[in-house]
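Reminder, nothing fancy here: chain letters follow the sequence lines and each chain counts from 1.
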Amino acid sequence: MAAEATRSAKPRSRGGRSAGKRSTGRIDVAEVSVSSPERVIDSQSGLHKIDLARFYCRVADWILPGLDNRPVSLLRAPEGIEGEQFFQKHAGRLAIPDIKHLDQSLDPAHPPLMEIDTQKALVGAVQMGAVEFHTWGATTDRIERPDHLVFDLDPDPELPWQRMLDATAFLLDILDELRLDAFLKTSGGKGMHIVVPLGRFHGWERVKAFAHAVSEFACRRQPDRLTATMGPKNRVGKIFIDYLRNQRGASTVAAYSARARPGLPVSVPIHRDELGQLKAASQWTVGNLGERLDTLNSDPWSGYANRQRITASMWRTIGAKPPEED
DNA sequence: GATCATT
DNA sequence: AATGATCAACGCGGC
DNA sequence: GCCGCG
Ligand SMILES: [Mn+2]
Ligand SMILES: [Mn+2]
(Lines give C-alpha, C1' and ligand atoms only; values in the text may rest on other atoms or scores of the structure.)
(Ligands and ions follow the chains in the order given, each with its own letter.)
Protein backbone atom coordinates (compact mmCIF):
# COMPACT_ATOMS: atom_id res chain seq x y z
CA MET A 1 0.00 0.00 0.00
CA ALA A 2 1.84 2.96 -1.24
CA ALA A 3 -0.32 5.54 0.43
CA GLU A 4 0.56 4.30 3.88
CA ALA A 5 4.23 4.35 3.12
CA THR A 6 4.28 7.96 2.22
CA ARG A 7 4.95 11.12 4.08
CA SER A 8 2.56 13.99 3.69
CA ALA A 9 2.08 14.84 0.10
CA LYS A 10 1.62 18.48 -0.47
CA PRO A 11 -0.26 19.41 -3.58
CA ARG A 12 2.44 20.29 -5.93
CA SER A 13 0.85 21.45 -9.07
CA ARG A 14 -0.30 24.98 -9.16
CA GLY A 15 -1.60 26.69 -12.20
CA GLY A 16 1.02 27.09 -14.78
CA ARG A 17 4.01 25.19 -13.61
CA SER A 18 4.58 22.35 -16.00
CA ALA A 19 5.56 20.13 -13.10
CA GLY A 20 9.18 19.70 -13.88
CA LYS A 21 8.54 18.34 -17.31
CA ARG A 22 11.33 20.50 -18.51
CA SER A 23 13.04 18.68 -21.25
CA THR A 24 16.35 20.09 -20.21
CA GLY A 25 19.14 17.84 -21.31
CA ARG A 26 20.34 15.04 -19.11
CA ILE A 27 23.70 15.36 -17.41
CA ASP A 28 26.10 12.53 -16.68
CA VAL A 29 27.37 12.18 -13.13
CA ALA A 30 29.47 9.19 -12.14
CA GLU A 31 28.45 7.40 -15.32
CA VAL A 32 24.78 7.96 -14.53
CA SER A 33 22.59 9.97 -16.84
CA VAL A 34 20.65 12.30 -14.56
CA SER A 35 17.28 13.38 -15.88
CA SER A 36 15.67 16.74 -15.12
CA PRO A 37 18.94 18.00 -13.69
CA GLU A 38 17.63 21.52 -13.11
CA ARG A 39 14.51 20.49 -11.22
CA VAL A 40 14.39 22.33 -7.90
CA ILE A 41 14.08 19.66 -5.22
CA ASP A 42 14.12 21.99 -2.21
CA SER A 43 12.69 25.47 -2.39
CA GLN A 44 14.41 26.66 0.79
CA SER A 45 17.91 26.12 -0.56
CA GLY A 46 16.93 26.29 -4.21
CA LEU A 47 19.08 23.25 -4.88
CA HIS A 48 18.47 21.15 -7.95
CA LYS A 49 18.43 17.44 -8.55
CA ILE A 50 21.83 17.68 -10.21
CA ASP A 51 23.22 19.31 -7.06
CA LEU A 52 22.15 16.31 -5.03
CA ALA A 53 23.72 13.95 -7.55
CA ARG A 54 26.98 15.89 -7.39
CA PHE A 55 26.77 16.00 -3.60
CA TYR A 56 26.62 12.21 -3.34
CA CYS A 57 29.35 11.94 -5.93
CA ARG A 58 31.48 14.19 -3.74
CA VAL A 59 30.79 12.37 -0.48
CA ALA A 60 30.90 8.87 -1.94
CA ASP A 61 34.17 8.02 -0.23
CA TRP A 62 32.68 9.10 3.08
CA ILE A 63 29.24 7.52 2.87
CA LEU A 64 30.07 4.26 1.14
CA PRO A 65 31.98 2.67 4.04
CA GLY A 66 28.78 2.95 6.06
CA LEU A 67 26.63 1.45 3.30
CA ASP A 68 28.98 -1.29 2.19
CA ASN A 69 27.73 -4.79 2.92
CA ARG A 70 24.48 -3.67 4.55
CA PRO A 71 20.85 -3.69 3.49
CA VAL A 72 19.88 -0.17 2.48
CA SER A 73 16.48 1.47 2.30
CA LEU A 74 15.76 4.59 0.31
CA LEU A 75 13.59 7.56 1.07
CA ARG A 76 12.54 8.72 -2.36
CA ALA A 77 11.04 12.07 -3.26
CA PRO A 78 10.90 12.10 -7.05
CA GLU A 79 9.23 15.49 -7.29
CA GLY A 80 11.30 17.13 -4.59
CA ILE A 81 11.00 17.09 -0.85
CA GLU A 82 7.74 19.01 -0.83
CA GLY A 83 6.12 16.41 -3.01
CA GLU A 84 5.20 12.87 -2.09
CA GLN A 85 7.87 10.90 -0.25
CA PHE A 86 8.02 7.15 0.15
CA PHE A 87 10.30 4.69 1.82
CA GLN A 88 11.60 1.83 -0.27
CA LYS A 89 12.95 -1.26 1.41
CA HIS A 90 12.83 -3.85 -1.36
CA ALA A 91 14.25 -3.80 -4.83
CA GLY A 92 11.00 -4.60 -6.57
CA ARG A 93 11.16 -3.69 -10.22
CA LEU A 94 13.11 -0.54 -9.67
CA ALA A 95 16.14 -0.67 -11.90
CA ILE A 96 19.02 1.25 -10.40
CA PRO A 97 22.24 0.75 -12.29
CA ASP A 98 24.89 -1.05 -10.27
CA ILE A 99 22.67 -1.68 -7.25
CA LYS A 100 23.00 -5.09 -5.66
CA HIS A 101 20.12 -7.37 -4.80
CA LEU A 102 20.79 -9.20 -1.57
CA ASP A 103 20.15 -12.84 -0.98
CA GLN A 104 16.51 -13.79 -0.79
CA SER A 105 17.15 -15.64 2.47
CA LEU A 106 17.53 -12.32 4.32
CA ASP A 107 13.84 -11.64 3.77
CA PRO A 108 12.27 -14.68 2.15
CA ALA A 109 8.74 -13.33 1.93
CA HIS A 110 9.58 -10.27 -0.12
CA PRO A 111 11.52 -9.08 -3.11
CA PRO A 112 15.24 -8.81 -2.39
CA LEU A 113 16.74 -6.21 -0.08
CA MET A 114 19.16 -3.80 -1.69
CA GLU A 115 22.79 -2.88 -1.22
CA ILE A 116 24.66 0.15 -2.51
CA ASP A 117 28.43 -0.05 -2.52
CA THR A 118 29.54 2.04 -5.46
CA GLN A 119 29.44 5.68 -6.43
CA LYS A 120 27.50 4.74 -9.52
CA ALA A 121 24.76 2.98 -7.56
CA LEU A 122 24.59 5.92 -5.17
CA VAL A 123 24.07 8.43 -7.97
CA GLY A 124 21.79 5.95 -9.71
CA ALA A 125 19.57 5.99 -6.64
CA VAL A 126 19.47 9.80 -6.80
CA GLN A 127 18.44 9.56 -10.42
CA MET A 128 15.48 7.48 -9.19
CA GLY A 129 14.53 10.16 -6.69
CA ALA A 130 16.34 8.90 -3.60
CA VAL A 131 17.30 11.57 -1.09
CA GLU A 132 17.97 9.62 2.11
CA PHE A 133 19.83 6.34 2.67
CA HIS A 134 19.01 4.21 5.71
CA THR A 135 20.92 1.13 6.80
CA TRP A 136 20.69 -1.76 9.17
CA GLY A 137 22.95 -2.12 12.20
CA ALA A 138 24.41 -5.34 10.86
CA THR A 139 26.23 -6.49 7.75
CA THR A 140 24.79 -9.01 5.34
CA ASP A 141 27.40 -11.65 6.01
CA ARG A 142 26.40 -11.81 9.67
CA ILE A 143 22.99 -10.26 9.70
CA GLU A 144 22.06 -11.70 13.09
CA ARG A 145 25.07 -10.08 14.80
CA PRO A 146 24.80 -6.28 14.95
CA ASP A 147 28.09 -4.44 14.61
CA HIS A 148 26.93 -1.26 16.28
CA LEU A 149 24.22 0.16 18.43
CA VAL A 150 22.66 3.58 18.16
CA PHE A 151 21.12 5.99 20.61
CA ASP A 152 18.82 8.21 18.60
CA LEU A 153 18.13 11.34 20.63
CA ASP A 154 14.77 12.83 19.71
CA PRO A 155 13.87 16.07 21.52
CA ASP A 156 10.58 17.73 22.19
CA PRO A 157 10.88 20.22 19.32
CA GLU A 158 10.30 23.07 21.76
CA LEU A 159 13.52 22.43 23.65
CA PRO A 160 16.53 24.67 23.20
CA TRP A 161 19.50 23.18 21.37
CA GLN A 162 21.65 23.34 24.47
CA ARG A 163 19.49 20.64 26.02
CA MET A 164 20.44 18.32 23.19
CA LEU A 165 24.12 19.09 23.72
CA ASP A 166 23.70 18.42 27.44
CA ALA A 167 21.93 15.12 26.84
CA THR A 168 24.53 14.00 24.31
CA ALA A 169 27.37 14.83 26.68
CA PHE A 170 25.56 13.06 29.48
CA LEU A 171 25.16 9.86 27.45
CA LEU A 172 28.82 10.08 26.48
CA ASP A 173 29.74 10.30 30.15
CA ILE A 174 27.79 7.15 30.88
CA LEU A 175 29.40 5.33 27.96
CA ASP A 176 32.80 6.49 29.16
CA GLU A 177 32.01 5.04 32.54
CA LEU A 178 31.16 1.79 30.81
CA ARG A 179 34.42 2.01 28.86
CA LEU A 180 32.59 2.01 25.57
CA ASP A 181 33.96 4.09 22.71
CA ALA A 182 31.20 6.10 21.12
CA PHE A 183 30.97 8.27 18.01
CA LEU A 184 28.69 11.19 17.29
CA LYS A 185 26.81 12.44 14.31
CA THR A 186 24.20 15.04 13.71
CA SER A 187 20.94 13.49 12.56
CA GLY A 188 20.29 16.26 10.08
CA GLY A 189 16.96 16.73 11.84
CA LYS A 190 16.49 17.86 15.43
CA GLY A 191 18.80 15.58 17.38
CA MET A 192 22.01 13.67 17.64
CA HIS A 193 22.94 10.06 17.02
CA ILE A 194 25.39 8.28 19.27
CA VAL A 195 26.94 5.22 17.64
CA VAL A 196 28.72 2.51 19.62
CA PRO A 197 30.67 0.12 17.40
CA LEU A 198 30.51 -3.50 18.49
CA GLY A 199 32.26 -6.72 17.69
CA ARG A 200 29.82 -9.19 16.26
CA PHE A 201 29.47 -10.99 19.55
CA HIS A 202 25.80 -10.57 20.37
CA GLY A 203 22.41 -11.05 18.78
CA TRP A 204 19.76 -8.41 18.25
CA GLU A 205 17.85 -9.25 21.37
CA ARG A 206 20.80 -8.65 23.62
CA VAL A 207 21.96 -5.51 21.86
CA LYS A 208 18.51 -3.98 22.00
CA ALA A 209 18.11 -4.94 25.64
CA PHE A 210 21.43 -3.31 26.42
CA ALA A 211 20.59 -0.13 24.54
CA HIS A 212 17.27 -0.05 26.37
CA ALA A 213 18.91 -0.62 29.75
CA VAL A 214 21.49 2.10 29.19
CA SER A 215 18.70 4.44 28.14
CA GLU A 216 16.68 3.65 31.27
CA PHE A 217 19.80 4.11 33.36
CA ALA A 218 20.29 7.58 31.91
CA CYS A 219 16.61 8.40 32.43
CA ARG A 220 16.76 7.39 36.09
CA ARG A 221 19.50 9.94 36.61
CA GLN A 222 17.81 12.75 34.72
CA PRO A 223 14.11 11.91 34.89
CA ASP A 224 13.11 15.50 34.34
CA ARG A 225 15.12 15.76 31.13
CA LEU A 226 15.10 12.33 29.52
CA THR A 227 12.65 9.58 28.69
CA ALA A 228 12.98 6.18 27.06
CA THR A 229 9.25 5.75 26.55
CA MET A 230 7.88 6.43 23.11
CA GLY A 231 4.88 8.61 22.58
CA PRO A 232 4.69 12.38 22.21
CA LYS A 233 3.24 13.09 25.63
CA ASN A 234 6.09 11.26 27.33
CA ARG A 235 8.66 13.57 25.84
CA VAL A 236 7.05 16.90 26.59
CA GLY A 237 9.94 19.02 27.84
CA LYS A 238 12.23 16.02 27.43
CA ILE A 239 14.47 14.17 25.06
CA PHE A 240 13.38 10.71 23.98
CA ILE A 241 16.26 8.27 23.84
CA ASP A 242 15.10 6.10 20.96
CA TYR A 243 16.73 2.75 21.63
CA LEU A 244 14.32 0.99 19.27
CA ARG A 245 16.61 1.62 16.33
CA ASN A 246 18.51 -1.38 17.71
CA GLN A 247 16.13 -4.00 16.52
CA ARG A 248 16.35 -6.52 13.76
CA GLY A 249 15.04 -4.96 10.58
CA ALA A 250 15.09 -1.41 11.96
CA SER A 251 17.20 1.13 10.16
CA THR A 252 18.84 4.46 10.84
CA VAL A 253 19.79 7.20 8.45
CA ALA A 254 23.36 6.65 7.30
CA ALA A 255 26.27 8.93 8.13
CA TYR A 256 26.63 11.49 5.31
CA SER A 257 23.10 10.91 4.05
CA ALA A 258 21.10 13.99 3.17
CA ARG A 259 17.67 14.42 4.72
CA ALA A 260 14.50 15.14 2.77
CA ARG A 261 13.77 18.28 4.75
CA PRO A 262 13.85 21.98 4.05
CA GLY A 263 17.41 23.12 3.43
CA LEU A 264 18.57 19.58 2.62
CA PRO A 265 20.50 19.01 5.85
CA VAL A 266 22.93 16.11 6.18
CA SER A 267 23.65 13.62 8.94
CA VAL A 268 27.29 14.43 9.71
CA PRO A 269 29.84 12.62 11.88
CA ILE A 270 31.75 14.84 14.25
CA HIS A 271 34.56 14.36 16.71
CA ARG A 272 33.60 14.42 20.37
CA ASP A 273 35.56 17.59 20.82
CA GLU A 274 33.32 19.36 18.33
CA LEU A 275 30.14 18.72 20.27
CA GLY A 276 30.16 21.96 22.22
CA GLN A 277 30.46 24.05 19.09
CA LEU A 278 27.54 22.53 17.26
CA LYS A 279 24.84 25.04 16.45
CA ALA A 280 22.13 22.64 15.31
CA ALA A 281 21.64 19.10 14.12
CA SER A 282 20.90 20.51 10.70
CA GLN A 283 23.83 22.89 10.45
CA TRP A 284 25.46 21.04 7.60
CA THR A 285 23.60 20.73 4.36
CA VAL A 286 24.02 19.49 0.83
CA GLY A 287 25.04 23.05 0.04
CA ASN A 288 27.73 23.55 2.66
CA LEU A 289 29.11 20.18 3.73
CA GLY A 290 31.80 20.27 1.07
CA GLU A 291 33.43 23.17 2.86
CA ARG A 292 33.76 21.11 6.03
CA LEU A 293 35.11 18.10 4.20
CA ASP A 294 37.62 20.21 2.30
CA THR A 295 39.12 21.56 5.50
CA LEU A 296 39.06 18.44 7.66
CA ASN A 297 42.50 17.23 8.53
CA SER A 298 41.34 13.83 9.70
CA ASP A 299 38.29 11.59 9.81
CA PRO A 300 36.13 12.71 12.76
CA TRP A 301 35.47 9.02 13.38
CA SER A 302 39.06 7.86 13.17
CA GLY A 303 39.57 5.01 15.58
CA TYR A 304 36.16 3.51 14.82
CA ALA A 305 36.61 -0.24 15.25
CA ASN A 306 34.22 -3.15 15.58
CA ARG A 307 35.73 -4.91 18.53
CA GLN A 308 33.76 -3.89 21.60
CA ARG A 309 31.84 -6.41 23.68
CA ILE A 310 28.97 -5.89 26.09
CA THR A 311 30.28 -7.31 29.33
CA ALA A 312 28.75 -8.56 32.56
CA SER A 313 30.44 -5.64 34.26
CA MET A 314 28.52 -3.20 32.08
CA TRP A 315 25.20 -4.85 32.84
CA ARG A 316 26.04 -4.63 36.52
CA THR A 317 26.96 -0.96 36.30
CA ILE A 318 23.64 -0.02 34.76
CA GLY A 319 21.72 -2.24 37.12
CA ALA A 320 20.23 -4.57 34.54
CA LYS A 321 20.43 -8.20 33.53
CA PRO A 322 21.15 -9.55 30.07
CA PRO A 323 18.59 -11.76 28.32
CA GLU A 324 19.29 -15.46 28.64
CA GLU A 325 19.62 -16.06 24.94
CA ASP A 326 21.98 -14.50 22.43
C1' DG B 1 7.18 8.18 10.52
C1' DA B 2 2.47 5.94 10.28
C1' DT B 3 -0.21 2.20 11.40
C1' DC B 4 -1.07 -2.29 13.61
C1' DA B 5 -1.36 -5.36 17.46
C1' DT B 6 -1.42 -6.34 22.12
C1' DT B 7 -2.45 -5.17 26.62
C1' DA C 1 -5.73 4.75 25.77
C1' DA C 2 -1.06 3.77 25.49
C1' DT C 3 3.01 1.66 24.03
C1' DG C 4 6.00 -1.35 21.44
C1' DA C 5 6.31 -3.88 17.15
C1' DT C 6 6.16 -3.80 12.45
C1' DC C 7 5.91 -2.03 8.13
C1' DA C 8 7.47 0.90 4.31
C1' DA C 9 6.17 1.86 -4.65
C1' DC C 10 3.71 0.38 -8.39
C1' DG C 11 1.31 -0.07 -13.10
C1' DC C 12 -2.51 1.62 -14.42
C1' DG C 13 -7.19 2.29 -16.85
C1' DG C 14 -11.52 4.26 -14.99
C1' DC C 15 -15.98 2.29 -13.09
C1' DG D 1 -10.43 -5.53 -7.11
C1' DC D 2 -9.84 -1.15 -5.64
C1' DC D 3 -8.68 3.26 -5.98
C1' DG D 4 -5.39 7.62 -5.20
C1' DC D 5 -2.71 9.12 -9.28
C1' DG D 6 1.92 11.79 -9.71
MN1 LIG E 1 16.12 11.00 15.54
MN1 LIG F 1 13.64 8.21 16.47
With C1' as the reference atom in both, quote the distance from dG4(D) to dC10(C) in angstrom, rounded to an integer.
12 Å
Can you list every pair that meets side chain to side chain donor-acceptor pair (under 3.5 Å) and has a residue in residues 196-218 of chain A, with sequence neighbours left out?
T139(A)-R200(A), D147(A)-R200(A), K208(A)-Q247(A), H212(A)-E216(A)
Rounded interatomic separation in angstrom, taking CD from Q85(A) and C1' from dC5(D)
17 Å
Between C1' of dG1(B) and NZ of K89(A), the distance in whole Å
14 Å
Output all residues satisfying salt bridge (charged side-chain N to carboxylate O under 4.0 Å, His left out) with D242(A), sequence neighbours left out; order by chain, then residue number.
R245(A)
NZ/NE/NH1/NH2 to OD/OE distance under 4.0 Å, K100(A) and D117(A):
yes
When rounded to the nearest Å, what value does the distance between P atoms of dC5(D) and dA8(C) take?
24 Å
Going by purine N1 to pyrimidine N3 plus the second Watson-Crick contact, or the G-U wobble pair, all under 3.5 Å, which nucleotide sits opposite dG11(C)?
none
So which nucleotide does dG6(D) pair with, by the Watson-Crick or G-U wobble rule with both distances under 3.5 Å?
none
Check the distance between dC7(C)'s P and L74(A)'s CG and give it to me in whole angstrom.
19 Å
Write down the distance between CZ (F240(A)) and P (dG1(B)), rounded to a whole number of angstrom.
11 Å
Polar pairs (N or O, both sides) under 3.5 Å between protein and nucleotides 1-4 of chain C?
residue	atom	partner	partner atom	Å
dT3(C)	OP1	N234(A)	OD1	3.3
dT3(C)	OP1	N234(A)	ND2	3.2
dT3(C)	OP2	N234(A)	ND2	3.0
dG4(C)	OP2	M230(A)	N	3.3

SB check R58(A) D294(A) (cutoff 4.0 Å):
yes
Using the C1' atoms only, state how far dG6(D) lies from dC7(C), rounded to an integer number of Å.
23 Å
Under a 3.5 Å cut-off for both contacts, is dT3(B) paired Watson-Crick or G-U wobble with anything, and if yes, with which nucleotide?
dA5(C)
Measure CZ/R76(A) against C1'/dA8(C) and give the value in whole Å, please.
13 Å
Let me know the distance between CD of Q88(A) and P of dC7(C), rounded to the nearest Å.
17 Å
Atom CE of M114(A) and atom CG of L102(A): how far apart are they, to the nearest 0.5 Å?
9.0 Å
I would like to know whether E158(A) and R163(A) meet salt bridge (charged side-chain N to carboxylate O under 4.0 Å, His left out); could you show each step before the answer?
CA-CA 10 Å; E158(A) 302 303 304; R163(A) 285 283 303 276; over 6 Å; no
Would you please confirm or rule out a distance under 4.0 Å between OP1 or OP2 of dC10(C) and any side-chain N or O of H90(A)?
no
Rounding to a whole Å, what distance do you find between E84(A):CD and dC5(D):C1'?
8 Å
Assess whether a salt bridge exists between D181(A) and R307(A), defined as any Lys/Arg side-chain N lying under 4.0 Å from an Asp/Glu carboxylate O.
yes
Would you mind reading off the distance between F87(A) atom CZ and dA8(C) atom P, rounded to a whole angstrom?
10 Å
